[in-house]
Amino acid sequence: MRYWALVAVPTVLTAAFFYAASDNRHEVSAQDFVNLQQGNAIQPGFRRAHAKGFCVSGDFISSGTLAEYSSAQVFQAGQYPFIGRFSVAGNNPTAPDLKAPVRSLALTLLPETAEQWRTAMNTPPVLAVGTPEKFYQQLLALQNNTIAEFFAAHPETAAFRNWRASYQPTLSYATEQYHSINAFYLINAAGKQQAVRWAAVPTVGAANQLPDPEAVDALQQELFARLSDGPVIFDLVFSLATSADDENDATIIWPDTNPQLIAGQLQIKQATEQSNGQCNAINFDPLVLPRGILPSADPILRARGAAYAESHRRRAREVLLNTATGAHHE
Amino acid sequence: MNNPTVYPLAMRVVHWLMAALILSLLFVGLSMVTSLGLWQYQLLTWHKAAGLVAAVAVVLRLAIRLRLNTPRLPENMPKLQQFAAKLTHLAFYLLLLLMPVTGYLMQNAAGRPINAFGIMLPQLIPTDLAWYGLFRELHAWFSVLLILLIILHITAASYHGLIKRDGVLRSMIRK
Ligand code: HEM
Ligand code: HEM
């Protein structure tokens, strides 16, 4: 009897640890998600999503307009540095810029401070579906060419489909609008919270030509050329939720009639290839927030942290092994 | 000094508090890296704060351990077993220090701020992908070693408590 107990103790313990470590107990785990995103042709050292892109840096000129809504440093009037990254969606680091359905801007404001704020924004203002499990099914449907059936079976995709039908990609990263899509809370010094979404809104009209429309990195070339003439500027515009909006559902567009506040201007001043830029070492996990900003309980937003970390882990391991084996010496 | 039969109260208290803390850290750590759930964010925040508390606790515990007299293992216990026991205890202290250290440096290399009660702790290594790769993998591999050690330790303690009944298990439980 006592011997049985002696066997039972380590057995139960081992089983408990195995259960905790197993990613099969989730319908879709972070590992499943990243496996699907990276596909079969792994690109060592690159992001498993938004692999194609480049680094930028500049300053955020905060107007102070949001100071009454949030105690975060970035919303107090002043000038704050950021590093960022323009990218296109997809797992291929050499995909043609102009073929991508989605373009992105990711930012880390006030890097290397306790007040750091990260955001990763995309061109669509809404998501097709509201949970990571359904999002996984959507990606599967895209890969299997059954996306029409998927959309038909999911009525919540309507707002996304409408946006897609009306969206006209421009000929520059500088003339796109990039959305947080998910909602967050601004928290002021008195502890009052306000649900918001934000977007980087261009300040110049659409360009009508590209330096080299045939180039794989046509948009990257265009932005580098544009920067030699001066900073690329976006307004950072916040949309405030009203009692009619559900901050946990990113499949619905908030009305234009909601209060819109300009938090300040993003002035992008430099750009570098991602291989030697600061943006490569970090992931733009939108859950890295300063005090004064909290995440909503939107299931997609909450899912992003673990998925970004898994992708970051994989590419970091690949770079480490490369460095260790000397495969990449200058 | 004479040879005590039980660990000093301070050490027993610290032992069981830390056992609970470390087991929670391990289970939370393992769960949060696979989960896409709503709680992942809170678990991660808790993990980092509790991991720092664990770091302070290990240092305190080592300090107590080095100052206080601890019970000797039973005389009749084979020398090899005594050696194994000492070795696992040493390995415990080592891993319990390495876990928070690798966790901390991993955050540094990822360029993420570490805030302890509103104070930003210093960044000791640069934000760098290869450094991140190193400390992220070490954090995971050390956690596997720690888990194996815990299973071994609990099995050995149960063996003393259930089969040998030689007072070794009791020395960490009661007066
Ligand atoms: C469950 C939902 C999502 C998953 C699983 C996911 C997954 C990922 C992963 C794995 C990466 C690569 C991270 C890295 O290695 O650094 C990434 C990058 C990115 N994601 Fe998502 N994503 C999700 C939703 C979104 C949403 C809603 C947006 C936009 C609002 C978004 C915008 C971006 C951007 C802009 C990047 C590139 C960041 C950079 O330039 O480094 N993602 N995503
Ligand atoms: C005794 C203390 C600690 C223990 C036992 C512990 C344990 C763990 C475990 C088991 C994992 C999962 C690893 C995996 O399966 O891949 C993990 C992940 C993690 N730990 Fe710790 N940890 C400790 C301290 C810390 C500290 C002090 C920090 C940072 C301040 C930290 C930050 C992290 C992070 C960020 C992850 C997740 C990485 C990712 O998402 O990829 N840990 N930890």
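A, B, ... follow the sequence lines: proteins, then strands. Residue 1 opens every chain.
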Measure distances from [X] to the heavy atoms of chain B and classify the residue's part below 4.5 Å as side chain, backbone, both or neither.
| X | value |
| --- | --- |
| A:F33 | side chain |
| A:R291 | neither |
| A:N283 | side chain |
| A:T113 | backbone |
| A:V28 | both |
| A:R304 | neither |

Taking atom types as modelled, find out whether A:S29 and A:D23 have a side-chain donor-acceptor pair closer than 3.5 angstrom.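 Checked: A:S29/A:D23 side chains pair up, N/O donor to acceptor below 3.5 Å.
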Looking just at side-chain N and O atoms, do A:S104 and A:H50 make a donor-acceptor pair shorter than 3.5 Å?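 Yes, because at least one side-chain N or O of A:S104 sits under 3.5 Å from a partner of the opposite role on A:H50.
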If you count every heavy atom of other residues, nucleotides or ligands that lies below 6.0 Å from A:E115 atom CD, does the total exceed 12?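 Counting neighbours around CD of A:E115, more than 12 heavy atoms of other residues, nucleotides or ligands fall under 6.0 Å, so yes.
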Among residues 41-49 of chain B, which ones touch chain A with a heavy-atom distance under 4.5 Å?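 Near chain A, by residue number: B:Y41, B:Q42.
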Taking the six-membered ring of A:F54, is the NZ or CZ of A:R85 close enough (under 6.0 Å from the centre) and on axis enough (within 45°)?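 Because its charged atom misses either the 6.0 Å distance or the 45° angle limit, A:R85 does not stack over A:F54.
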Without swapping roles, check the side chain of A:T108 against the backbone of A:P111 for a donor-acceptor pair under 3.5 Å.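 Not confirmed, A:T108 side chain does not pair with A:P111 backbone.
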Look at A:I300, A:D32, A:D285 and state which one has the largest set of heavy-atom pairs under 4.5 Å with chain B.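 The candidate making the most pairs under 4.5 Å is A:D285.
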Side chain, backbone, both or neither of B:M32 within contact of chain A (heavy atoms, under 4.5 Å):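 Looking at B:M32, just its backbone touches chain A.
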Between CE on residue B:M11 and CG on residue B:N69, distance to nearest 0.5 Å: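 Answer rounded to 0.5 Å: 11.0 Å.
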